[in-house]
Number of protein chains: 2
Amino acid sequence: MRQHRVTSFDVAALAGVSQSTVSRALAGDPVVSEPTRTRVLAAAAELNYHIDENAARLRTGRTGTLAVVVISREGEDHKDVNPFYFSLLGAICAAASSRGHETLVSFQDAAETLSGRYEEQRKADGLIVIGTTANRTAWNYFREIGENGAHIVYWGSPFDEGLDWIRADNQEGARLATGHLIANGYRRIACITSDHSPQRQFKERYDGHVARMREEGLPTRAVEIDESLPREEQGRKAVSDLIASGEPFDAIFVVCDQIALGVLLELHERGIAVPGQVGVVGFDGIRSGAYAIPPLTSVEPDFQSAGTMLVDKLLKQIAGTPSDERRVPVRLVPRASSKGPGLLP
Amino acid sequence: MRQHRVTSFDVAALAGVSQSTVSRALAGDPVVSEPTRTRVLAAAAELNYHIDENAARLRTGRTGTLAVVVISREGEDHKDVNPFYFSLLGAICAAASSRGHETLVSFQDAAETLSGRYEEQRKADGLIVIGTTANRTAWNYFREIGENGAHIVYWGSPFDEGLDWIRADNQEGARLATGHLIANGYRRIACITSDHSPQRQFKERYDGHVARMREEGLPTRAVEIDESLPREEQGRKAVSDLIASGEPFDAIFVVCDQIALGVLLELHERGIAVPGQVGVVGFDGIRSGAYAIPPLTSVEPDFQSAGTMLVDKLLKQIAGTPSDERRVPVRLVPRASSKGPGLLP
DNA sequence: CTGAAAGCGCTTACAG
DNA sequence: CTGAAAGCGCTTACAG
């Protein structure tokens, strides 16, 4: 841009002080006298001076940067990443920014290109790893990075033991969803979920659902998803399986919105009316649920809290004062898909 | 993590060479002899040594990092950011990574917190700015940053003159969409768009639509969106306006998928059958369109090309060899929403 | 082919 | 309250 980069020495010369005073003044060191600070700031502004963060970081050893890794399925198109993780990513970047940190973002999938040596390379002070549980290789990789001393906080990891993770309050969310269906008059409620999935979140949501059903003395019915399919196809297939089983049902609690979108589509194509014949509730609060037909009732984590909690947990880990906050609060967002049963055939 | 950070001097001592030789060997400098290189690499691996990028960057002046700024509406929830931009973001990060660059990502909306001095602060070598055209303050801010010498490439800017921008091949996409509706038997095709929006893309899509209609000798009909509403509500309102006008129509080309989702919802609630009574085609290729009811036909840019083109254009600008590639190729993705008219009432 | 040395632009003890 | 000086960990002319 310019021939000679403007440095703190140039500012010092213009302000008539030493370079170290410029550094102190700009860092807000209270030891600098007010008139001096004013002169320095004016000179810096005049020269359009900005601190070279590389030099500052080399000196201090801190980068002021957090790495955010979004794990996707190997070979998956970015367009097919669960929008939930994009919302979470946005919230994390915003929270980091509000804490004065930059965010170095990467989408990682293929085993050969996994890269997490951010701290060794002094590119970041710590990592936040989020994304699909399905890519086991990636999670193993980052677990190892963490075991070698890196600072990491997770959302979505299949591993819990000894790791710093944060998740939605899944049990509570599932209870809200189930209670809502019951309150709206549904009784034969099936749950599309996975019991043996590495996705711990699904298991937690299923557990919360079962607990709430038991309180009401209602029988439970689980339909296992086929994890090898794309999420929406999992929903379509689960509905087919549920219908093929011959057991009657008047509502479905689906442990993930993306799967629920497939459920709605399959029910529609089979001419089954939602919410009249079957009520549906999802989980995650993805935006397109609000514009599904009918609009999908869902349980939504507070994304802003999620971002803040992940960032703060990481910063505390880096500072050596670990926190034990783990659960992001959730709320039920009632929409048309669960309005109550009409006349059953 | 460790008391003493492992430096190239430690590697040098272990390998029995000088520090400068370590640097050359790890940089792949061909001047280093093969046996020496092997010894250095072994020592580096043994010590788990990684180059301190801060130090390297301070020395070379290059950061190997690109800043990616996603502009959103002021106060907008990250969950409400158009998923199109998230797909684009993912593609940009992947392309940058394949070119050996990191990506510093930020979501920016509020005027007070706009920040784009990445190059002055030596945090990045250049910027890619994408996002909603609606936040004029933000685009003004980045235009000024660019005028002050920063390297920037844009997608979505309301400004064209003198800027390095990339956009989808909107005219061609609109022609494909319109031709597809015509081929499927629709004739009275309305277009939900904006003629005076700062969104140049909408205008381009409308122009392409009109051109194709004219070729066929068909009359055109534009319904203006109300930009003050959320995208989906714009679609609902436009459908209401269209119907209220009393003019018959059997298809709608909507210049944006998010708006099209609202269109589908409104048509559904009014009991108008899609595609039997009205065919609908959108633009952008957002994922939830595929799971709308009925699944939405759309024009989709090649996201991977989009990411690569943005990154390469920026890298060329930085290198001082500007390119004039501007248009990302598009393709039509036919789905149920435009299958052809049934019997009109 | 390898080494000794300078220097990128800061922050921060240490003196005064 | 301010300044002179060291040093963070690299890369890269310059010598040999």
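A, B, ... follow the sequence lines: proteins, then strands. Residue 1 opens every chain.
Ranking C/dA4, C/dT2, D/dT2 by closeness to the B/V31 side chain, first place goes to C/dT2. Proximity note for B/R122 (side chain, C-beta onward) versus C/dA5, C/dG9, C/dT12: the nearest is C/dG9. The nucleotide whose nearest atom lies closest to any side-chain atom of A/R5 is, among C/dG3, C/dG9, D/dC10, C/dG9. Comparing D/dA4, C/dA4, C/dC10 against the side chain of A/A56 picks out C/dC10 as the nearest. Taking every side-chain heavy atom of A/T60 into account, C/dT11 is the closest of C/dT2, C/dT11, D/dC10. With distances taken from any side-chain atom of A/L58 to the nucleotides C/dG9, C/dC10, D/dT11, the minimum falls on C/dG9.
Remark: the A/R24 side chain and the D/dG3 base include a donor-acceptor N/O pair separated by less than 3.5 Å.
In this entry D/dA4 has no Watson-Crick or G-U wobble partner, no candidate having both defining distances under 3.5 Å.
Taking atom CG of residue B/D10 and atom P of nucleotide D/dC10, one finds them 9 Å apart after rounding to whole Å. Put simply, CG on A/D29 is 9 Å from P on C/dT12, counting in whole angstrom units. Taking atom CD of residue B/Q19 and atom P of nucleotide C/dC1, one finds them 20 Å apart after rounding to whole Å. Remark: P of D/dG7 and CG of B/D52 are 18 Å apart, rounded to the nearest angstrom.
Salt-bridge check for A/D109 with A/R73: failed, with every basic side-chain N at 4.0 Å or more from each acidic carboxylate O. Between B/R5 and B/D10 there is no salt bridge, since none of the side-chain N atoms of the basic residue sits less than 4.0 Å from a carboxylate O of the acidic one.
Closest approach of B/W139 and B/W155 over heavy atoms only: CH2-O, 3.6 Å.
The residue among B/T36 and B/R59 whose nearest nucleotide of DNA chain C is located toward the 5' end is B/T36.
Looking only at atom types and distance, the side chain of A/H50 has a donor-acceptor partner in the side chain of A/N48 under 3.5 Å away.
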